[in-house]
Structure formats: structure tokens, C-alpha cells
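Written below as C-alpha cells is the structure these notes are about.
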Amino acid sequence: MMEYNTKQKKLPLPEYGRSVQKMVDHALTIESREERQHCAETIVRIMASMFPNTRNLPDYERTLWDHLAIMADFALDIDYPYEVIKKEDFHVPPQQVPYQTGEIKNRHYGRIVEEMIAHACTLEEGEERDCFIELIAIQMKKNYIAWNKDGVEDKKIFDDLRAYTNGAIDINDKEIRTGHKAQNGNYSQRTNNKRTNNGKKIYRKKY
């Protein structure tokens, strides 16, 4: 009867395959320390031959011995040529990723946009501040459209910016472009129109 891999013991390092794992399991049963050492060295040479392209990587051989220890569940009593990884170090749980807490005023804009707006309020009046606010408005429109495919008028973006900052940022009276060239009028059509120069027709390429 065929024995399916799904019904067998889970491999700690599947990249080496079940045959190598069986070799490691056999090494654990060898009573003679000398024979066990020889078997382990043979297994490592076989593991090395499976991935010849990785031989130039730093600590390549040490990594192989680490992998042997892992596949043996750290129970293989041999003389390792390197100080291999310890079991307690191998099973260290990952550190918890710190997440920011607190309410977001408008979730479709996101927390990063709110932080950008707060930073814009700290800038002095001038070209740098105006350019930064324009970038914020463009990003707000992108985020809004990703949330609402029907689109949004620039006035809505400007109103939200004013509300975020209690009126500190009011760009209704400034020329802010939140769209792209391809969305401004018939841009693509204009670039494809035939034009004449000294009676000759010139065809513009599509971009």
C-alpha cells in the first residue's frame, strides 16, 4: 500500500526531502559514536551536493551543520565542527510588532496622511509648505478614490483638509492640481491629433 507524504511525519526542513530526513533518523539510532560521526559527515556532504549554487554564501558549512541539528531535533550526539544553533534559540517566538492605537478621523485617508497633515501645520509659510500640502492633497484624493470608485471633487479634499487642521490649511484660494495629465481634458486625444508643419502632416506617437 502506497504511503502518502501527507500521512507521514512533518519534515522540519522540507527542502532536503524525506530521504535525507530518514538518513538523519537512522544516524540517531547508531550506538557507536565513531560510526555516528561518520554517518553525520556523510549526510552533510549529501546536503551540500543538493544546493551547489549556495557554496559561496557566508557561513555555508556552518549552516549545513545547523540544519543537521534541526532535522535531528537537537538530539544527535556528535562532535560538531562548529557551534551549532541551540534548541532554545531556534524556537524563540517572534517579537510582537507594535501597532499604533487611537482613532483615525477618516479611515479612508489613513493614519499616515493624518501625520503628514499634522507635520504640514508645523512648517513655516513658503514654497516648501505649499508643495508639501499639494502632495498631501494628491495623496488624499488617491486614497479617497481607492475607497470610493465614483471619484471625488477637489473641493471635498480641500474641505477635509480645512476640517483636519481647524482652518489652519485653507487652499481653496490656491491652484492645486490633484489629478494627472491623462485626466485633464482630452490630453491623450491632443497628443494623437495630426498636426501640420509647412504643409506636411506629422503624426504624434501614443504614450
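- More than 12 heavy atoms of other residues, nucleotides or ligands lie within 6.0 Å of CG in Asp89, so this atom counts as buried by the packing criterion.
- Although no hydrogens or angles enter the test, the distance criterion places a donor-acceptor pair under 3.5 Å between the side chain of Gln21 and the main chain of Met71.
- Between Glu125 and Arg129 a salt bridge is recorded (basic side-chain N to carboxylate O distance below 4.0 Å).
- Using a 4.5 Å heavy-atom cutoff, the side chains of Gln139 and Lys142 are in contact.
- For the side chain to side chain donor-acceptor pair (under 3.5 Å) condition, the pairs that include at least one residue of residues 63-80, sequence neighbours left out, are Tyr16-His67, Arg33-Asp77, Arg33-Asp79.
- Inter-residue side-chain proximity for Ile46 and Thr42 is flagged as met; some heavy-atom pair is nearer than 4.5 Å.
- A salt bridge does not link Lys156 to Asp159: none of the charged nitrogens lies less than 4.0 Å from a carboxylate oxygen.
- Taking the side chain as every heavy atom from C-beta outward, Glu115 and Arg111 approach each other to under 4.5 Å.
- In this structure, Ile117 and Tyr109 have side chains that are not in contact, with every pair of non-hydrogen atoms separated by 4.5 Å or more.
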(message) Using the rule given for side-chain contact (heavy atoms from CB on, under 4.5 Å), can you reason through Arg162 versus Ile169, listing the C-alpha separation, both sets of side-chain angles and the distance that settles it, and then say yes or no?
(response) CA-CA 5 Å; Arg162 192 187 311 106; Ile169 296 179; over 6 Å; no
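- Annotation: Ile112, atom CD1; neighbour count of heavy atoms from other residues, nucleotides and ligands within 6.0 Å does not exceed 12.
- Between Asn106 and Tyr164, some side-chain heavy-atom pair lies under the 4.5 Å cut-off.
- The neighbour count for Glu88 CD, taken as heavy atoms of other residues, nucleotides or ligands under 6.0 Å away, is above 12.
- Heavy atoms from other residues, nucleotides or ligands lying under 6.0 Å from CZ of Arg107 number 12 at most.
- Judged purely by atom type and a 3.5 angstrom limit, Arg36 has no side-chain atom pairing as donor or acceptor with the backbone of Leu28.
- Counting heavy-atom neighbours within 6.0 Å of Glu15 CD, excluding the residue itself, gives a total above 12.
- For Lys86, the NZ atom sits in a loose shell: 12 or fewer heavy atoms of surrounding residues, nucleotides or ligands are nearer than 6.0 Å.
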